[in-house]
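Worksheet for the structure shown next.
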Amino acid sequence: MTTEKHDIVDTAVAAGSFTTLVAAVTAAGLVDTLKGAGPFTVFAPTDEAFAALPAGTVDDLVKPENKDKLTAILTLHVLSGAVHAADIAGKTLSPASVNGEALAVDGTNGVTVNGAKVVTADIACTNGVIHVIDTVLLPKG
């Protein structure tokens with residue numbers, strides 16, 4: 001586990017591999033929330049994960065008229081409370097994301113969230129924890 005130095009947003013910015021996520025969080029108006037007291041658990045898709053979406057998807061989502069849809073996608077990646085890898089190792093859980101939809105978290109063979117693989121776990125932040133995932137989670141609806 002890394003040492004806590006920054007909040008979730010500043011940690012993501014400093015990492016350099018979450019520019020799309022940070023731009024999306026900014027477009028959705030969620031920066032202040034994710035800089036809040038928390039704690040939060042964020043399943044953070046890499047820029048490569050966003051790039052794997054169909055062409056034009058991200059550009060479309062960050063438009064002001066799609067803020068609600070973007071917010072629904074982003075809040076699917078957030079849990080209230082800090083959940084570390086050790087908390088889910090060997091278990092399957094269905095915690096509710098901040099958007100209300102339950103996530104399928106499987107810690108029995110590595111860790112997956114709705115099928116997305118956690119590629120880096122337990123990046124500690126002052127207001128929670130980040131787990132890096134290889135796929136953007138999309139709401140069921």
Side-chain angles (χ1 to χ4, degrees), residues 1-64 66-141:
M1 214 179 298
T2 57
T3 306
E4 298 177 22
K5 294 180 183 163
H6 302 290
D7 62 41
I8 287 171
V9 175
D10 291 343
T11 300
V13 169
S17 55
F18 304 106
T19 54
T20 307
L21 176 62
V22 171
V25 166
T26 302
L30 295 173
V31 170
D32 288 343
T33 301
L34 291 177
K35 283 180 155 289
F40 303 105
T41 299
V42 175
F43 297 104
T46 60
D47 288 341
E48 291 80 12
F50 277 103
L53 291 171
T57 300
V58 174
D59 290 338
D60 195 48
L61 286 171
V62 296
K63 292 177 181 172
N66 294 324
K67 184 176 178 179
D68 289 346
K69 185 175 182 182
L70 179 62
T71 300
I73 291 170
L74 294 173
T75 55
L76 183 63
H77 292 78
V78 181
L79 300 177
S80 184
V83 179
H84 295 87
D87 299 329
I88 55 177
K91 301 175 187 169
T92 54
L93 305 170
S94 299
S97 66
V98 170
N99 89 350
E101 189 176 308
L103 297 174
V105 179
D106 186 341
T108 58
N109 183 16
V111 178
T112 60
V113 180
N114 285 13
K117 183 179 178 190
V118 174
V119 293
T120 305
D122 291 339
I123 301 171
C125 306
T126 55
N127 63 342
V129 61
I130 296 173
H131 303 291
V132 182
I133 56 175
D134 66 355
T135 307
V136 177
L137 306 177
L138 298 173
K140 292 177 183 155

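When reading the values below, keep in mind they use all heavy atoms of this one structure, side chains included, and skip hydrogens, waters and symmetry mates. The first residue in the sequence is number 1, and the count goes up from there.
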Measure from the side-chain N and O atoms of [X] to the backbone N and O of [Y], and report whether any donor-acceptor pair falls under 3.5 Å.
X	Y	answer
Thr92	Asp106	no
Asn127	Phe40	no
Asp87	His84	yes
Asn114	Leu103	no
Asn99	Ala72	yes

To the nearest 0.5 Å, what is the distance between CG on Leu53 and CG on Asp59?
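Atom-to-atom, Leu53:CG and Asp59:CG are 11.0 Å apart.
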
Pairwise distance CD1(Ile130) to CG(Asp122) - rounded to 0.5 angstrom:
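Result: 11.0 Å between the selected atoms.
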
Assess the residue pair Ile133 and His77 against the criterion (side chain to side chain contact (heavy atoms under 4.5 Å, CB included)); give the C-alpha distance rounded to whole Å, side-chain angles, the decisive distance to 0.1 Å, and a yes or no.
CA-CA 10 Å; Ile133 56 175; His77 292 78; 3.8 Å; yes

Determine, step by step, whether Thr11 and Phe18 satisfy the side chain to side chain contact (heavy atoms under 4.5 Å, CB included) criterion, reporting the C-alpha distance in whole Å, the side-chain angles of both residues, the deciding distance to 0.1 Å, and the verdict.
CA-CA 10 Å; Thr11 300; Phe18 304 106; over 6 Å; no

So, do [X] and [Y] sit near enough that their side-chain heavy atoms are less than 4.5 Å apart?
X	Y	answer
Leu138	Leu76	no
Thr75	Leu30	yes
Pro139	Ile73	yes

Only one of Leu70, Leu74, Thr71, Val136 forms a side-chain contact (heavy atoms from CB on, under 4.5 Å) with Leu61, so which one is it?
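Between Leu61 and the candidates, side-chain contact (heavy atoms from CB on, under 4.5 Å) is satisfied uniquely by Leu70.
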
Taking all non-hydrogen atoms of both residues, which atom of [X] and which atom of [Y] are closest, and how far apart?
X	Y	value
Pro95	Leu93	CD-C, 3.4 Å
Ala44	Leu21	CB-CD2, 3.6 Å
Val132	Thr46	CG1-CG2, 3.4 Å
Ala121	Ala85	CB-CB, 4.0 Å
Ala96	Leu79	O-CD2, 3.4 Å
Lys140	Glu101	N-OE1, 3.1 Å

If the threshold is 4.0 Å, N to carboxylate O, is there a salt bridge linking Asp134 and Lys117?
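Salt bridge between Asp134 and Lys117, a charged N being under 4.0 Å from a carboxylate O: no.
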
Asp10 and Lys5 ion-paired at < 4.0 Å
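Answer for the salt bridge query: no.
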
Take Val113 and Val118 through the side chain to side chain contact (heavy atoms under 4.5 Å, CB included) test and state the conclusion after the steps.
CA-CA 7 Å; Val113 180; Val118 174; 4.2 Å; yes

Phe43: partners by ring pair (Phe, Tyr, Trp, His ring centres under 6.0 Å), with sequence neighbours left out
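Applying ring pair (Phe, Tyr, Trp, His ring centres under 6.0 Å) to Phe43 gives His131.
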
Between Thr20 and Asp47, does any side-chain donor sit less than 3.5 Å from a side-chain acceptor?
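Per modelled atom types, Thr20 and Asp47 side chains form a pair under 3.5 Å.
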
